[in-house]
Amino acid sequence: MRERLRRVLEEHLAAALREAGDAGAVPAFALDPPRQAEHGDFACNAALLVAKRLRQPPQAVAERLIAALGDAGGLVAAAEVAGPGFVNLWIADAEWQRGLLGILAAGSAFGRVPRRDGALRTQIEFVSANPTGPLTLGHGRQAVLGDCIARLLEAVGQQVTREYYFNDGGRQMRVLGQSVKARYLEQLGLAAPPPVAALADAEAPWPESIDGLPVVFPRDGYQGDYIAEIATDLRACHGDSLAEQPAEGVFREAAQKRIFAEIEATLTALGIRFDVYTNEKTFYESGELERVLDELRGRDLVYEHEGAVWLRATALGLDRDRVLVKGSGEPTYLLPDIAYHRDKFRRGFERILDIQGADHIEQFPFVRAAIGALGCDPERVELVMHQFVTLTSGGQQVKQSTRRANYVTVDELLTQVGADVFRFFMVQRKAEGHLDFDLDLAKERDWKKNPAFYVQYAHARTWGIERKAAEQGVPMPSAAAIDASGLTLPEELTLIRKLLEFPAVVAQAAAACEPHHIAYYLRDVAGLWNPYVQDGTRHRVLSEDASLSAARLALALGVRTVLANGLELLGLSAPERM
RNA sequence: GCCCCGGUAGCUCAGUUGGAUAGAGCAGCGGAUUUCUAAUCCGCCGGUCGGGGGUUCGAAUCCCUCCCGGGGCGCCA
């Protein structure tokens with residue numbers, strides 16, 4: 001409808017410009033629902049934009065535009081010039097009613113509009129946590145954010161691959177193995193646990209031994225309880241027979257295996273499935289690291305300094321150089337990351353999206369620049385950055401400390417609030433801002449207060465009405481033969497207008513990779529629908545008037561369609577009753 | 001010191017890529033209904049958009065500058 005209107009306006013503008021001897025193109029003008037309902041269904045600023053070129057005051061241009069427009073073939077019910085030269089347009093009721101039928105006809109496809117720029121093959125990498133411990137709230141936010149962006153891109157026609165990149169070698173995992181072995185030895189009475197005070201404070205003295213027993217727990221070890229649990233499991237299976245085994249072997253492997261299984265279980269509980277898991281080790285084993293290094297060297301982007309191999313990033317416009325291979329001969333994370341990103345291109349992805357926490361963004365420009373130097377188009381690699389999550393409970397911020405393993409995990413929160421609420425809260429803020437997770441509000445079970453339930457309940461209500469209709473023997477309207485002309489109340493037309501905005505909201509959210517727009521939009525729809533149903537004294541959906549009842553049932557189906565499709569985009573369930 | 005991200009109502013945050021009188025939820029206040037310390041409905045209050053300058057018909061939005069908060073600036077990932 002809006003596009004039809006836009007085309008008509010464009011024609012008239014082009015004609016006016018031609019008449020004035022201006023051969024230039026029609027500028028891109030706004031045609032949007034204004035903030036204030038009194039300003040019409042759509043407001044257009046075109047007259048303001050071309051006034052100068054026509055050498056006429058904007059108001060006069062607007063007047064002429066309206067005169068030329070007429071009723072645009074029954075589309076427009078009224079038009080006015082307002083303010084400095086806006087054209088406010090009112091759409092005929094019948095058009096809105098027709099629009100509702102369009103929603104019902106499209107069904108689950110409503111809002112899923114493939115964009116003109118085609119079905120890109122898109123790869124989206126997120127979470128990518130190494131298996132050293134349970135997922136934290138920051139990971140949780142990234143997991144939900146990445147998955148929702150993937151859903152949005154799919155909705156506009158892109159072919160999305162969800163990918164998780166990890167490293168089960170390297171220093172982190174070495175320390176993990178050492179941590180588990182230390183707990184194992186402690187449980188067997190062969191080692192002493194480090195004092196609590198020393199663990200809590202990085203500056204505190206670290207004893208070599210206590211009461212004749214050695215302290216083997218690493219200074220920078222992983223302190224979470226899950227480490228001790230893994231050790232306990234090993235003891236249950238193998239008794240004390242592992243005491244002489246190296247930390248690198250069975251300890252590290254057992255820990256990695258179990259922790260990864262837990263991460264996958266958490267992601268499954270969140271409703272997230274990855275298509276591909278890529279291990280950093282792949283690039284070591286395939287010799288790809290050497291090749292990348294050689295190619296960079298061939299472009300004079302590599303040099304040696306103090307025993308290390310450096311990337312000459314300053315030659316690529318960055319502010320400093322970075323180490324690719326440490327003096328120990330071990331690559332830093334940067335080199336495999338470059339190899340990995342090139343691999344993404346080689347696998348044929350046309351668009352590459354990295355979701356990263358604010359602490360990792362420093363890395364991105366280097367990868368991107370290096371990729372560009374290797375002949376890949378850096379424009380195709382995009383970064384979505386997100387800030388951290390703080391947890392508030394009882395008006396107080398819950399202190400989180402990674403070092404002391406004193407943090408709330410995704411799992412813990414999921415058992416308290418459930419996946420739907422968790423997802424909604426995580427995706428409801430824009431990514432670049434800090435997210436304050438209000439635990440009290442998340443645990444609130446009153447649908448009126450908890451925004452996730454508020455939306456879901458609005459959906460469930462459409463089913464409640466359908467059940468009521470069935471009880472009363474009122475048939476649901478069949479999509480082919482709906483007469484929506486009875487929907488004339490202002491609140492009904494407002495609702496339809498809102499429902500029809502959905503495809504534009506999806507398109508915008510997808511284009512910007514900003515799923516929070518969907519969350520806000522759904523709350524708005526629910527905020528119109530819930531009071532409409534609640535206020536049953538003024539207008540009941542089901543009444544004596546059979547055709548009016550049918551029209552309002554159609555409205556309920558329209559609301560259900562939009563809410564269900566929107567909840568799906570956010571990965572929330574759309575319950576039929578609550 | 002340098003880089004990135006934020007600063008909008010008491011709190012948590014939106015603000016459609018420059019549009020008209022800046023919005024929502026919660027909190028607060030008032031009224032209505034109501035058989036309980038509850039619940040529901042309606043209404044109200046609430047703002048120098050961090051400060052200052054600039055760009056233009058028009059700025060929360062774009063540019064410059066300063067202030068505040070978070071994160072980063074490693075041969076850790």
Side-chain angles (χ1 to χ4, degrees), chain A residues 28-36 38-40 43-49 51-52 57-59 81-86 88 128-130 132 138 165-167 169-175 220 280 304-311 318-337 356-365 383 385-388 390 392 395 425 428-438 440-441 444 446 448-451 454 501 504-505 507-509 511-512 514 516-517 519-521 523-524 526-527 530-531 534-538:
Chain A
F29 55 87
L31 184 64
D32 298 314
R35 282 193 232 277
Q36 319 235 323
E38 310 90 75
H39 292 152
C44 177
N45 67 348
L48 289 160
L49 298 177
K52 243 178 203 167
Q59 281 97 344
V81 179
F86 289 99
N88 293 338
S128 293
N130 285 339
T132 59
Y165 176 66
F166 69 100
N167 179 15
R171 202 193 69 92
Q172 277 192 348
M173 300 307 288
R174 227 161 29 234
V175 174
D220 53 355
E280 185 180 315
E304 308 216 354
H305 176 64
E306 292 180 352
V309 179
W310 291 71
L311 173 69
L318 293 161
D319 56 357
R320 68 185 181 93
D321 292 344
R322 297 274 306 244
V323 171
L324 291 169
V325 182
K326 305 182 216 171
S328 65
E330 212 177 359
T332 64
Y333 53 89
L334 179 58
L335 181 55
D337 217 7
Q356 308 250 290
D359 56 337
H360 279 214
I361 57 172
E362 188 85 5
Q363 165 84 346
F364 185 76
L383 174 71
M385 192 269 302
H386 70 90
Q387 288 287 351
F388 295 131
T390 53
T392 301
F425 273 62
Q428 120 185 263
R429 304 297 182 217
K430 69 174 174 222
E432 353 30 309
H434 289 268
L435 172 59
D436 185 27
F437 195 107
D438 184 341
D440 300 324
L441 187 60
E444 181 62 64
D446 180 353
K448 189 87 184 153
K449 292 194 177 140
N450 188 316
Y454 189 77
E501 285 174 25
V505 173
Q508 187 221 337
E514 291 180 342
H516 72 277
H517 293 300
Y520 275 90
Y521 170 78
R523 222 225 67 88
D524 282 351
N530 278 326
Q534 193 96 13
D535 193 7
T537 51
R538 286 181 50 213

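In what follows, every chain begins at residue 1, and chains take the letters A, B, ... in the order their sequences are listed.
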> My understanding is that only residues two or more places apart in sequence, or in another chain, count here; which of them pass side-chain contact (heavy atoms from CB on, under 4.5 Å) with A:Thr392?
A:Asp436
> Using a heavy-atom cut-off of under 4.0 Å over every strand shown, decide if A:His386 touches base, sugar-phosphate, or nothing.
nothing
> Classify the nucleic acid contact of A:Asp436 as base, sugar-phosphate or nothing, counting any heavy atom under 4.0 Å across all strands shown.
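The answer is sugar-phosphate, as A:Asp436 gets under 4.0 Å only of primed atoms, P, OP1 or OP2.
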> Can you tell me how far apart OG1 (A:Thr132) and CZ (A:Phe166) are? Round to the nearest 0.5 Å.
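The CZ atom of A:Phe166 is 13.0 Å from OG1 of A:Thr132, to the nearest 0.5 Å.
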> Looking at every heavy atom in both A:Gln428 and A:Pro451, which two are closest together, and how far apart are they?
OE1-CG, 4.1 Å
> Name the residue closer to the 5' end of RNA chain B, choosing between A:Gln428 and A:Asn45 according to the nucleotide with the nearest heavy atom.
A:Gln428
> Considering only atom C1', compute the distance from B:rG46 to B:rG53 and round it to an integer number of Å.
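After rounding to an integer number of Å, I get 30 Å for this pair.
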> When we call it a touch if two heavy atoms are under 4.0 Å apart, what does A:Gly327 touch: a base, just sugar-phosphate, or nothing?
base
> So how far is it from A:Met385 CE to A:His360 NE2, rounded to the nearest 0.5 Å?
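Reported to 0.5 Å precision, the distance equals 13.0 Å.
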> As an exercise, state the distance from CD of A:Glu330 to CZ of A:Arg171, rounded to the nearest 0.5 Å.
9.5 Å
> Can you tell me the distance, in whole Å, between the CD atom of A:Glu501 and the P atom of B:rG15?
15 Å
> Can you tell me the base-pairing partner of B:rA14? Count Watson-Crick or G-U wobble geometry only, both distances below 3.5 Å, and say none if there is no partner.
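The base-pairing partner of B:rA14, which may sit in any strand shown, does not exist here.
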> Applying a 4.0 Å non-hydrogen cut-off, can you work out what A:Leu48 is touching in the nucleic acid: base, sugar-phosphate, or nothing?
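Touches a base.
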> Where along nucleotides 20-26 of chain B does protein come under 4.0 Å, by heavy atom, of base (B) or sugar-phosphate alone (S), with - for untouched nucleotides?
BB-SSSS
> Determine the interatomic distance between C1' on B:rC66 and the same-named atom on B:rA27; round to the nearest Å.
34 Å
> Looking for any heavy atom pair under 4.0 Å, which part of the strands does A:His517 touch: base, sugar-phosphate only, or nothing?
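Since only primed, P, OP1 and OP2 atoms lie under 4.0 Å of A:His517, the category is sugar-phosphate.
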> Rounded to the nearest 0.5 Å, what separates atom CG in A:Asp446 from atom OH in A:Tyr454?
11.0 Å
> Applying a 3.5 Å limit to both distances, which nucleotide forms a Watson-Crick or G-U wobble pair with B:rC2?
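Its partner is B:rG72.
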> For the C1' atoms, the ones on B:rU65 and on B:rU55, what distance do you get once it is rounded to whole angstrom?
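Roughly 15 Å separates the two C1' atoms.
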> Have a look at A:Glu362 and say if it touches a base, only the backbone sugar-phosphate, or nothing, with a 4.0 Å heavy-atom cut-off.
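Sugar-phosphate: the residue A:Glu362, judged by heavy atoms under 4.0 Å, touches backbone atoms but no base.
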> Could you tell me how far B:rG25 sits from B:rU17 if I compare only their C1' atoms? Round to whole Å.
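Those two atoms are separated by 26 Å.
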> Can you tell me how far P of B:rC4 sits from NE2 of A:His434, to the nearest Å?
16 Å
> How many Å lie between OH on A:Tyr454 and P on B:rU12, as a whole number?
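Taking OH of A:Tyr454 and P of B:rU12, I get 23 Å after rounding.
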> Using a 4.0 Å heavy-atom cut-off across all strands, classify A:Asn130 as base, sugar-phosphate, or nothing.
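Sugar-phosphate only.
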> Expressed in angstrom and rounded to an integer, what is the separation of A:Leu318 atom CG from B:rC2 atom P?
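From A:Leu318 CG to B:rC2 P: 19 Å.
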> Does A:Lys430 place a side-chain N or O at less than 4.0 Å from the phosphate oxygens OP1/OP2 of B:rA14?
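Checking B:rA14 against A:Lys430, a side-chain N or O does come within under 4.0 Å of OP1 or OP2.
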> For A:Cys44 versus A:Leu31, what's the shortest heavy-atom pair and its separation?
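Shortest heavy-atom separation between A:Cys44 and A:Leu31 comes out as CB-CD1, 3.9 Å.
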> Counting just side-chain N and O atoms, does A:His360 come under 4.0 Å of either OP1 or OP2 of B:rC76?
no
> Considering only the P atoms, how many Å lie between B:rA22 and B:rC63, rounded to the nearest integer?
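Their P atoms lie roughly 23 Å apart.
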> Give me the distance, rounded to whole Å, that separates B:rU33 from B:rU40 when you measure between the C1' atoms they each carry.
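About 8 Å, rounded to a whole number of Å.
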> Which nucleotide, in any strand shown, forms a Watson-Crick or G-U wobble pair with B:rU40, with both distances under 3.5 Å?
B:rA32
> Send over the distance from A:Gln59 CD to B:rG19 C1', rounded to a whole Å.
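Distance check: A:Gln59 CD to B:rG19 C1' gives 14 Å.
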> Which pair of non-hydrogen atoms, one from A:Leu324 and one from A:Leu335, has the smallest distance, and what is that distance?
O-CB, 3.8 Å
> Side chain of A:Glu280, heavy atoms from C-beta onward: which of B:rC5, B:rU40, B:rA77 has the nearest atom to it?
B:rA77
> From the set B:rC76, B:rG15, B:rC5, return the single nucleotide nearest to any side-chain atom of A:His516.
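Among B:rC76, B:rG15, B:rC5, the one nearest the side chain of A:His516 is B:rG15.
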> Quickly work out the A:Arg429 CZ to B:rG70 C1' distance and round it to whole Å.
17 Å
> If you assign A:Ile361 and A:Ser128 each to the RNA chain B nucleotide with the nearest heavy atom, which residue ends up on the more 5' nucleotide?
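It is A:Ile361, whose closest nucleotide lies nearer the 5' terminus.
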> Hey, does A:Glu306 reach any base, or is it just sugar-phosphate, or nothing, if we go heavy atoms under 4.0 Å?
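Counting heavy atoms under 4.0 Å across all strands, the contact made by A:Glu306 includes a base.
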> State which residues pass side-chain hydrogen bond (donor to acceptor under 3.5 Å, both in side chains) with A:Asn167; sequence neighbours excluded, sorted by chain then number.
A:Glu280
